[in-house]
Amino acid sequence: MRYIVFLILALAGGIFIRLKKEYRNRILIVLCVLVIAMNAFYNAKMLKNMITFFRPVNQTFYQPVHLENGEYPDAFLMLLFKGRKVYVKNDKRYGENYGHRHWLFKYYHAFNIQWFLQAAEADVIPDDSLNNRTVDLELIDSDFTELGKANDMFRYIFMYNDLDEEYGNYFYYYWYYYEYLDDISVYVAPGDADANDSLFNADELVVMWNTIDGVENEDIYIMTKDYYDREVAGNG
(Lines give C-alpha, C1' and ligand atoms only; values in the text may rest on other atoms or scores of the structure.)
Protein backbone atom coordinates (compact mmCIF):
# COMPACT_ATOMS: atom_id res chain seq x y z
CA MET A 1 0.00 0.00 0.00
CA ARG A 2 2.83 2.38 0.85
CA TYR A 3 4.42 1.88 -2.56
CA ILE A 4 1.11 2.51 -4.30
CA VAL A 5 0.76 5.85 -2.48
CA PHE A 6 4.34 6.81 -3.40
CA LEU A 7 3.68 5.87 -7.03
CA ILE A 8 0.53 8.02 -7.09
CA LEU A 9 2.46 10.96 -5.60
CA ALA A 10 5.23 10.55 -8.18
CA LEU A 11 2.75 10.41 -11.07
CA ALA A 12 0.85 13.43 -9.72
CA GLY A 13 4.11 15.33 -9.29
CA GLY A 14 5.18 14.54 -12.84
CA ILE A 15 1.84 15.71 -14.24
CA PHE A 16 1.91 18.98 -12.28
CA ILE A 17 5.50 19.66 -13.39
CA ARG A 18 4.53 19.20 -17.05
CA LEU A 19 1.51 21.47 -16.64
CA LYS A 20 3.19 24.08 -14.45
CA LYS A 21 6.86 24.11 -15.43
CA GLU A 22 7.36 27.51 -13.84
CA TYR A 23 6.54 25.98 -10.43
CA ARG A 24 8.81 22.97 -10.89
CA ASN A 25 10.99 23.61 -7.82
CA ARG A 26 8.00 24.26 -5.57
CA ILE A 27 6.26 21.11 -6.78
CA LEU A 28 9.39 19.04 -6.11
CA ILE A 29 9.70 20.51 -2.61
CA VAL A 30 6.04 19.72 -1.83
CA LEU A 31 6.50 16.21 -3.25
CA CYS A 32 9.58 15.60 -1.06
CA VAL A 33 7.77 16.88 2.04
CA LEU A 34 4.82 14.56 1.35
CA VAL A 35 7.09 11.55 0.84
CA ILE A 36 8.98 12.30 4.07
CA ALA A 37 5.69 12.75 5.95
CA MET A 38 4.33 9.46 4.57
CA ASN A 39 7.51 7.63 5.56
CA ALA A 40 7.40 9.10 9.06
CA PHE A 41 3.73 8.12 9.46
CA TYR A 42 4.36 4.58 8.21
CA ASN A 43 7.42 4.09 10.44
CA ALA A 44 5.54 5.36 13.50
CA LYS A 45 2.66 2.99 12.76
CA MET A 46 4.99 0.02 12.36
CA LEU A 47 7.09 0.63 15.49
CA LYS A 48 5.07 -1.93 17.41
CA ASN A 49 6.17 -4.60 14.93
CA MET A 50 9.88 -4.10 15.51
CA ILE A 51 11.81 -6.98 17.05
CA THR A 52 13.55 -5.99 20.25
CA PHE A 53 17.33 -6.41 20.28
CA PHE A 54 18.85 -7.80 23.46
CA ARG A 55 22.18 -9.13 24.74
CA PRO A 56 22.01 -12.77 25.90
CA VAL A 57 23.25 -13.27 29.45
CA ASN A 58 23.39 -17.08 29.40
CA GLN A 59 23.38 -20.00 26.98
CA THR A 60 19.61 -20.56 27.00
CA PHE A 61 17.27 -19.52 24.21
CA TYR A 62 14.74 -18.07 26.66
CA GLN A 63 16.33 -15.11 28.42
CA PRO A 64 15.30 -13.46 31.75
CA VAL A 65 14.62 -10.23 29.86
CA HIS A 66 11.86 -12.04 27.95
CA LEU A 67 9.92 -12.59 31.17
CA GLU A 68 10.53 -9.00 32.27
CA ASN A 69 9.23 -7.66 28.95
CA GLY A 70 6.49 -10.26 28.42
CA GLU A 71 8.07 -11.48 25.18
CA TYR A 72 8.40 -14.82 23.41
CA PRO A 73 6.42 -17.05 25.81
CA ASP A 74 6.51 -19.82 23.21
CA ALA A 75 10.30 -20.04 23.60
CA PHE A 76 9.75 -21.04 27.22
CA LEU A 77 6.67 -23.18 26.65
CA MET A 78 8.37 -25.35 24.04
CA LEU A 79 10.86 -26.35 26.74
CA LEU A 80 8.24 -26.65 29.48
CA PHE A 81 5.88 -29.00 27.60
CA LYS A 82 8.44 -31.31 26.01
CA GLY A 83 8.00 -34.91 27.09
CA ARG A 84 5.20 -34.21 29.58
CA LYS A 85 1.57 -35.24 29.81
CA VAL A 86 -0.56 -32.16 29.21
CA TYR A 87 -4.31 -32.21 29.87
CA VAL A 88 -6.39 -29.71 27.87
CA LYS A 89 -10.03 -28.85 27.42
CA ASN A 90 -11.81 -30.90 24.78
CA ASP A 91 -14.12 -28.09 23.65
CA LYS A 92 -13.31 -27.75 19.97
CA ARG A 93 -16.01 -25.78 18.15
CA TYR A 94 -15.71 -27.12 14.60
CA GLY A 95 -19.13 -27.40 13.00
CA GLU A 96 -20.88 -25.66 15.89
CA ASN A 97 -22.61 -22.31 16.07
CA TYR A 98 -19.94 -19.77 16.92
CA GLY A 99 -22.35 -17.03 17.97
CA HIS A 100 -20.99 -13.48 17.94
CA ARG A 101 -17.44 -14.62 17.32
CA HIS A 102 -15.63 -14.40 13.99
CA TRP A 103 -16.13 -17.44 11.77
CA LEU A 104 -12.42 -18.33 12.07
CA PHE A 105 -12.95 -18.99 15.77
CA LYS A 106 -14.40 -22.45 15.15
CA TYR A 107 -11.35 -23.52 13.15
CA TYR A 108 -8.78 -22.15 15.60
CA HIS A 109 -10.31 -22.54 19.06
CA ALA A 110 -8.68 -25.41 21.02
CA PHE A 111 -7.20 -26.82 17.80
CA ASN A 112 -4.27 -24.41 17.74
CA ILE A 113 -3.12 -24.95 21.31
CA GLN A 114 -3.20 -28.72 20.74
CA TRP A 115 -1.15 -28.36 17.56
CA PHE A 116 1.35 -26.24 19.48
CA LEU A 117 1.59 -28.85 22.24
CA GLN A 118 2.12 -31.61 19.70
CA ALA A 119 4.88 -29.54 18.07
CA ALA A 120 6.44 -29.19 21.53
CA GLU A 121 6.48 -33.02 21.77
CA ALA A 122 3.99 -33.14 24.63
CA ASP A 123 1.65 -36.05 25.27
CA VAL A 124 -1.64 -34.21 24.70
CA ILE A 125 -4.70 -35.54 26.58
CA PRO A 126 -8.05 -33.85 25.77
CA ASP A 127 -10.23 -34.10 28.87
CA ASP A 128 -13.97 -33.43 28.79
CA SER A 129 -14.03 -32.85 32.55
CA LEU A 130 -12.05 -29.62 32.06
CA ASN A 131 -14.53 -28.10 29.63
CA ASN A 132 -16.73 -26.26 32.12
CA ARG A 133 -13.95 -25.36 34.52
CA THR A 134 -12.56 -21.86 34.91
CA VAL A 135 -9.71 -20.43 36.94
CA ASP A 136 -11.02 -18.05 39.62
CA LEU A 137 -9.79 -14.47 39.53
CA GLU A 138 -8.62 -14.83 43.14
CA LEU A 139 -6.34 -17.71 42.15
CA ILE A 140 -5.04 -15.82 39.14
CA ASP A 141 -4.14 -12.84 41.31
CA SER A 142 -2.51 -14.89 44.06
CA ASP A 143 -0.88 -17.88 42.36
CA PHE A 144 -0.31 -17.05 38.70
CA THR A 145 2.38 -15.03 36.93
CA GLU A 146 1.86 -13.50 33.49
CA LEU A 147 4.43 -15.03 31.18
CA GLY A 148 3.70 -12.76 28.22
CA LYS A 149 1.43 -12.19 25.24
CA ALA A 150 0.62 -15.17 23.05
CA ASN A 151 -0.64 -13.52 19.84
CA ASP A 152 2.69 -14.02 18.08
CA MET A 153 2.82 -17.61 19.31
CA PHE A 154 -0.61 -18.38 17.93
CA ARG A 155 -0.10 -16.68 14.58
CA TYR A 156 2.85 -18.99 13.86
CA ILE A 157 0.88 -22.16 14.62
CA PHE A 158 -0.09 -22.18 10.95
CA MET A 159 3.17 -24.14 10.51
CA TYR A 160 1.79 -27.01 12.62
CA ASN A 161 -1.86 -27.24 11.57
CA ASP A 162 -3.44 -29.74 9.21
CA LEU A 163 -5.89 -27.30 7.60
CA ASP A 164 -5.84 -27.61 3.82
CA GLU A 165 -8.04 -24.59 3.10
CA GLU A 166 -6.98 -20.92 2.88
CA TYR A 167 -7.82 -20.27 6.52
CA GLY A 168 -4.90 -22.52 7.42
CA ASN A 169 -2.28 -20.24 5.86
CA TYR A 170 -0.09 -17.56 7.42
CA PHE A 171 -2.09 -14.59 6.17
CA TYR A 172 -5.30 -15.70 7.89
CA TYR A 173 -3.42 -16.47 11.08
CA TYR A 174 -1.59 -13.13 10.99
CA TRP A 175 -4.80 -11.17 10.48
CA TYR A 176 -6.82 -13.04 13.10
CA TYR A 177 -4.28 -13.13 15.92
CA TYR A 178 -2.40 -9.92 15.21
CA GLU A 179 -4.85 -7.49 13.61
CA TYR A 180 -8.29 -8.71 14.71
CA LEU A 181 -7.94 -10.09 18.25
CA ASP A 182 -7.02 -8.18 21.39
CA ASP A 183 -4.03 -9.36 23.42
CA ILE A 184 -3.94 -12.96 24.60
CA SER A 185 -1.99 -13.47 27.82
CA VAL A 186 -0.29 -16.62 29.06
CA TYR A 187 -0.35 -17.20 32.84
CA VAL A 188 1.60 -19.86 34.73
CA ALA A 189 1.26 -21.09 38.31
CA PRO A 190 4.91 -21.93 39.06
CA GLY A 191 4.44 -23.21 42.59
CA ASP A 192 7.39 -23.93 44.85
CA ALA A 193 10.45 -24.47 42.64
CA ASP A 194 11.88 -27.03 45.10
CA ALA A 195 8.70 -29.11 45.38
CA ASN A 196 8.05 -32.25 43.37
CA ASP A 197 4.78 -30.82 42.07
CA SER A 198 6.20 -27.47 40.93
CA LEU A 199 5.61 -26.43 37.33
CA PHE A 200 9.21 -27.30 36.50
CA ASN A 201 9.31 -30.75 38.11
CA ALA A 202 5.80 -32.17 37.64
CA ASP A 203 5.25 -34.89 35.05
CA GLU A 204 1.65 -33.83 34.37
CA LEU A 205 0.44 -30.34 33.47
CA VAL A 206 -2.93 -28.76 32.70
CA VAL A 207 -3.60 -26.06 30.11
CA MET A 208 -6.90 -24.18 30.44
CA TRP A 209 -8.66 -21.17 28.99
CA ASN A 210 -11.57 -19.25 30.49
CA THR A 211 -14.33 -19.24 27.89
CA ILE A 212 -16.63 -16.22 28.01
CA ASP A 213 -19.61 -15.77 25.68
CA GLY A 214 -18.70 -13.54 22.75
CA VAL A 215 -15.03 -13.25 23.75
CA GLU A 216 -12.44 -14.71 21.39
CA ASN A 217 -9.13 -13.67 22.94
CA GLU A 218 -9.10 -16.34 25.64
CA ASP A 219 -6.16 -16.13 28.04
CA ILE A 220 -4.17 -19.33 28.64
CA TYR A 221 -3.56 -20.74 32.14
CA ILE A 222 -0.87 -23.35 32.79
CA MET A 223 -0.54 -25.31 36.04
CA THR A 224 0.44 -28.71 37.38
CA LYS A 225 -2.14 -31.49 37.46
CA ASP A 226 -1.83 -31.61 41.25
CA TYR A 227 -2.54 -27.89 41.50
CA TYR A 228 -5.53 -28.22 39.19
CA ASP A 229 -7.00 -31.12 41.18
CA ARG A 230 -6.47 -29.30 44.47
CA GLU A 231 -7.30 -25.67 43.70
CA VAL A 232 -9.47 -25.62 40.55
CA ALA A 233 -11.39 -28.89 40.36
CA GLY A 234 -11.35 -29.26 44.14
CA ASN A 235 -13.14 -25.93 44.55
CA GLY A 236 -15.92 -26.78 42.15
task: Of all the heavy-atom pairs spanning P190 and F200, show the shortest one and how long it is.
output: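 Taking every non-hydrogen atom into account, CB-CE1, 4.1 Å.
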
task: Taking all non-hydrogen atoms of both residues into account, name the closest pair between G148 and P73 and its distance.
output: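 Where G148 meets P73 most closely, the heavy atoms are C-CG, 4.3 Å.
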
Would you check if [X] and [Y] make a side-chain contact, meaning some heavy-atom pair closer than 4.5 Å?
| X | Y | answer |
| --- | --- | --- |
| L205 | F81 | yes |
| L199 | L80 | yes |
| L79 | L77 | no |
| Y180 | E216 | yes |
| I125 | V86 | no |
| M208 | V232 | yes |
| M159 | Y156 | yes |
| L181 | Y176 | yes |

Distance, nearest 0.5 Å, that separates [atom1] of [X] from [atom2] of [Y]:
| X | Y | atom1 | atom2 | answer |
| --- | --- | --- | --- | --- |
| E218 | S185 | CD | OG | 13.0 Å |
| N90 | D128 | CG | CG | 4.5 Å |
| T145 | L147 | OG1 | CG | 9.0 Å |
| K149 | I220 | NZ | CD1 | 12.5 Å |
| L139 | Y187 | CG | OH | 13.5 Å |
| D182 | N217 | CG | CG | 5.0 Å |

- prompt: Applying the 4.5 Å side-chain criterion to the ILVMFWY set and letting contacts propagate, would V33 and I36 be lumped into a single cluster?
  reply: no

query: Would Y167 and W103 satisfy side chain to side chain contact (heavy atoms under 4.5 Å, CB included), going step by step from the backbone distance to the final call?
result: CA-CA 10 Å; Y167 44 78; W103 62 271; 3.9 Å; yes

D141 atom CG, neighbour heavy-atom count above 12 within 6.0 Å: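 Counting neighbours around CG of D141, more than 12 heavy atoms of other residues, nucleotides or ligands fall under 6.0 Å, so yes.
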
message: Counting only heavy atoms not in D164 (residues, nucleotides, ligands), do more than 12 fall under 6.0 Å from its CG?
response: no

- request: Output all residues satisfying side chain to side chain donor-acceptor pair (under 3.5 Å) with N169, sequence neighbours left out; order by chain, then residue number.
  value: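 Per chain and number, N169 pairs via side chain to side chain donor-acceptor pair (under 3.5 Å) with no residue.
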
query: Can you name the residues that form a side chain to side chain donor-acceptor pair (under 3.5 Å) with Y170, not counting sequence neighbours?
result: R155

For residues 110-123, which side-chain N or O atoms pair as donor and acceptor with protein atoms under 3.5 Å away, sequence neighbours left out?
| residue | atom | partner | partner atom | Å |
| --- | --- | --- | --- | --- |
| N112 | OD1 | Y173 | OH | 2.7 |
| N112 | ND2 | Y108 | O | 3.4 |
| N112 | ND2 | Y177 | OH | 2.8 |

task: Determine, stepwise, if the pair D219 / V135 fulfils side chain to side chain contact (heavy atoms under 4.5 Å, CB included).
output: CA-CA 11 Å; D219 293 336; V135 184; over 6 Å; no

Pair listing, side-chain hydrogen bond (donor to acceptor under 3.5 Å, both in side chains) test, anchored in residues 77-89, at least two apart: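 Output for this query lists Y87-E204.
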
query: Counting only N and O atoms by type, is there a donor-acceptor contact under 3.5 Å from the side chain of D74 to the main-chain atoms of M153?
result: no

- request: Begin with the C-alpha distance, continue with both residues' side-chain angles, and end with the deciding distance and a verdict on side chain to side chain contact (heavy atoms under 4.5 Å, CB included) for D127 and V88.
  value: CA-CA 6 Å; D127 188 339; V88 297; over 6 Å; no

field: By ring-ring contact (aromatic ring centres under 6.0 Å, His included) - contacts of Y228 (at least two apart)
entry: none

From V207, I140, D143, residue fulfilling side chain to side chain contact (heavy atoms under 4.5 Å, CB included) relative to Y221: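 Per the side chain to side chain contact (heavy atoms under 4.5 Å, CB included) rule, the option paired with Y221 is I140, out of V207, I140, D143.
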
task: Sequence neighbours left out, what pairs pass ring-ring contact (aromatic ring centres under 6.0 Å, His included) with at least one residue falling in residues 120-142?
output: none

- request: Run the numbers on T224 and V206 for side chain to side chain contact (heavy atoms under 4.5 Å, CB included), then give the verdict.
  value: CA-CA 6 Å; T224 67; V206 173; over 6 Å; no

query: Thinking salt bridges, do D226 and R230 make one under a 4.0 Å N-O criterion?
result: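 So D226 does not pair with R230 through a salt bridge.
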
